[in-house]
Amino acid sequence: MIRFEREVYDKEIVKAMLDQMVIANVGMNDEEGFPYVVPLSFGYEMTDTELIIYTHFSKTGKKLDLLRKDPRVCVEFSIFNDFPDRKYKGHYHDYRSVIARGVTEIVDYKDNPQLWERGYNCLYTCNHREIKPLNERKVVPNMYIGVTRCSLQDVTAKSEFPLRTPEDVPFMNVYEQQEDERPFDISDIIADRKVRREQKEQGLK
């Protein structure tokens, strides 16, 4: 990553970023050699070692065909805040982005009801809706749950404005701030990122 000082490592901050996002752009490998990208609603969980992304789709279609041939995916999440008429700290916009690579498992309710329901419930909570329990439905929805497991080593996150805590993640309303042309003081972030990058490079040797 060229702008290494913008990379976000803290898991709690990454989780706070994902909580702000509503769409996952899932990139799959097309049989013709082109990437195939589909925007999907999503849910997620994060452990100490992996990011688990839940999506859902019908039991027929191109996504299903491609994932059965090659379950490897790249998932992108992002949000953008534009303020072109009010420059703040040298910026005209702000963004948050998370990119993750992983492998998708296609889960049918009849084969693994516990995992299917876990993903189903996460899709509700991550879209800020109240869970509608399966036992309150007359039938189980006729769909698959996609469970994409991504090692945290294959997850990268970035932000235009500096983030030090999860509370920094929601976009700042620059129109409520005093005009300020001074750049952000990110000397502490740069020092931390340099150490992390050096440690990562040494770990690869």
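Below, each value reflects all heavy atoms present in this structure, side chains not excepted, and no hydrogens, waters or symmetry copies.
Other residues, nucleotides and ligands place more than 12 heavy atoms under 6.0 Å from the CD atom of Glu31. A 6.0 Å sphere centred on CZ of Arg137 holds more than 12 heavy atoms belonging to other residues, nucleotides or ligands. No more than 12 heavy atoms of other residues, nucleotides or ligands shown are found within 6.0 angstrom of CD on Glu179. Around NZ of Lys62, the count of heavy atoms belonging to other residues, nucleotides or ligands within 6.0 Å exceeds 12. Within a 6.0 Å sphere centred on OH of Tyr92, other residues, nucleotides and ligands contribute 12 heavy atoms or fewer. Counting non-hydrogen atoms of other residues, nucleotides and ligands closer than 6.0 Å to CZ of Phe34 gives a total of 12 or fewer.
The residues Arg164 and Asp10 are annotated as not salt-bridged, no charged nitrogen and carboxylate oxygen being separated by less than 4.0 angstrom. Ion pair Glu7/Arg196 not flagged as a salt bridge, since none of the NZ, NE, NH1 or NH2 atoms sits closer than 4.0 Å to an Asp/Glu carboxylate oxygen.
Cluster membership check: Val38 does not share its hydrophobic cluster with Tyr54, using side-chain heavy-atom separations under 4.5 Å among Ile, Leu, Val, Met, Phe, Trp and Tyr. A continuous path of ILVMFWY side-chain contacts below 4.5 Å connects Leu134 to Leu115, so both sit in one hydrophobic cluster. Neither Ile52 nor Tyr144 shares a network with the other; the hydrophobic side chains, linked directly or stepwise wherever heavy atoms of I, L, V, M, F, W or Y lie under 4.5 Å apart, form separate groups for each. Note on Met21: it clusters hydrophobically with Val155, by side-chain heavy-atom contacts below 4.5 Å among ILVMFWY residues. Ile99 and Val75 fall into different hydrophobic clusters, where Ile, Leu, Val, Met, Phe, Trp and Tyr residues are linked whenever their side-chain heavy atoms come under 4.5 Å apart, directly or through other members.
Looking only at distances, a side-chain donor or acceptor of Trp116 sits under 3.5 Å from a matching main-chain atom of Met143. Judged by distance alone, the side chain of Arg72 and the main-chain N or O of Asn29 form no donor-acceptor pair under 3.5 Å. Of the possible donor and acceptor atoms, none in the side chain of Asn112 sits under 3.5 Å from a partner among the backbone N and O of Val107. Between the side chain of Arg86 and the backbone N or O of Gln177 there is at least one donor-acceptor pair closer than 3.5 Å. Between the side chain of Arg149 and the backbone N or O of Glu50 there is no donor-acceptor pair closer than 3.5 Å. Side-chain N or O atoms of Asn25 include none that pairs as donor or acceptor with a backbone N or O of Gly27 at under 3.5 Å.
Between Asn81 and Tyr95, the closest side-chain pair of non-hydrogen atoms is not below 4.5 Å. Looking only at side-chain heavy atoms (C-beta outward), Met46 and Leu152 come within less than 4.5 Å of each other. With contacts defined as side-chain heavy-atom distances shorter than 4.5 Å, the pair Pro162/Asp168 does not qualify. Between Phe57 and Leu67, the closest side-chain pair of non-hydrogen atoms falls below 4.5 Å. The shortest side-chain heavy-atom distance between Glu105 and Pro71 does not fall under the 4.5 Å cut-off. When side chains are defined from C-beta on, Phe171 counts as touching Ile79, because their heavy atoms get closer than 4.5 Å. In this structure the side chain of Pro166 never reaches within 4.5 angstrom of the side chain of Lys15, judged on heavy atoms. With a 4.5 Å cut-off on side-chain heavy atoms, Pro141 and Tyr120 count as touching.
Rounding to the nearest 0.5 Å gives a distance of 10.0 Å between CG of Leu51 and CD of Glu45. The CD1 atom of Ile189 sits 13.5 Å away from atom NZ of Lys194, with the distance rounded to the nearest 0.5 Å. To the nearest 0.5 Å, the span separating OG1 on Thr148 from CD1 on Ile106 amounts to 9.5 Å. Between the CG atom in Asp94 and the CG atom in Leu163 there is a gap of 7.5 Å [rounded to 0.5 Å]. With rounding to the nearest 0.5 angstrom, the CG atom of Asp188 is 8.5 Å from the CZ atom of Arg193. Taking NZ of Lys63 as the reference point, atom CE of Met28 lies at 6.5 Å (rounded to 0.5 Å).
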- Kindly determine whether Lys59 and Asp108 satisfy side-chain contact (heavy atoms from CB on, under 4.5 Å), including the steps that lead there. CA-CA 9 Å; Lys59 292 192 172 182; Asp108 196 348; 3.1 Å; yes

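Considering all non-hydrogen atoms of both residues, Leu123 and Ser41 come closest at CD2-O, 4.0 Å. Taking all atoms of both residues into account, the shortest heavy-atom contact from Ala157 to Val14 is CB-CG2, 3.9 Å. Between Glu5 and Ile186, the closest heavy-atom pair is CG-CD1, 3.8 Å. Contact record, Phe83 with His91: CE1-O, 3.3 Å, taken as the closest heavy-atom pair. For the residue pair Lys87 and Gly90, the shortest heavy atom distance occurs at CE-CA, 3.5 Å. Closest approach of Cys150 and Arg101 over heavy atoms only: CB-O, 3.2 Å.
The aromatic ring centroids of Phe77 and Phe42 lie less than 6.0 Å from each other. Ring centroids of Phe161 and Phe184 are separated by less than 6.0 Å, placing the two rings close together.
Of the N and O atoms on the side chains of Tyr44 and Asp19, at least one donor lies less than 3.5 Å from an acceptor on the other residue. In this structure, a donor-acceptor pair under 3.5 Å is absent between the side chains of Tyr88 and Asn173.
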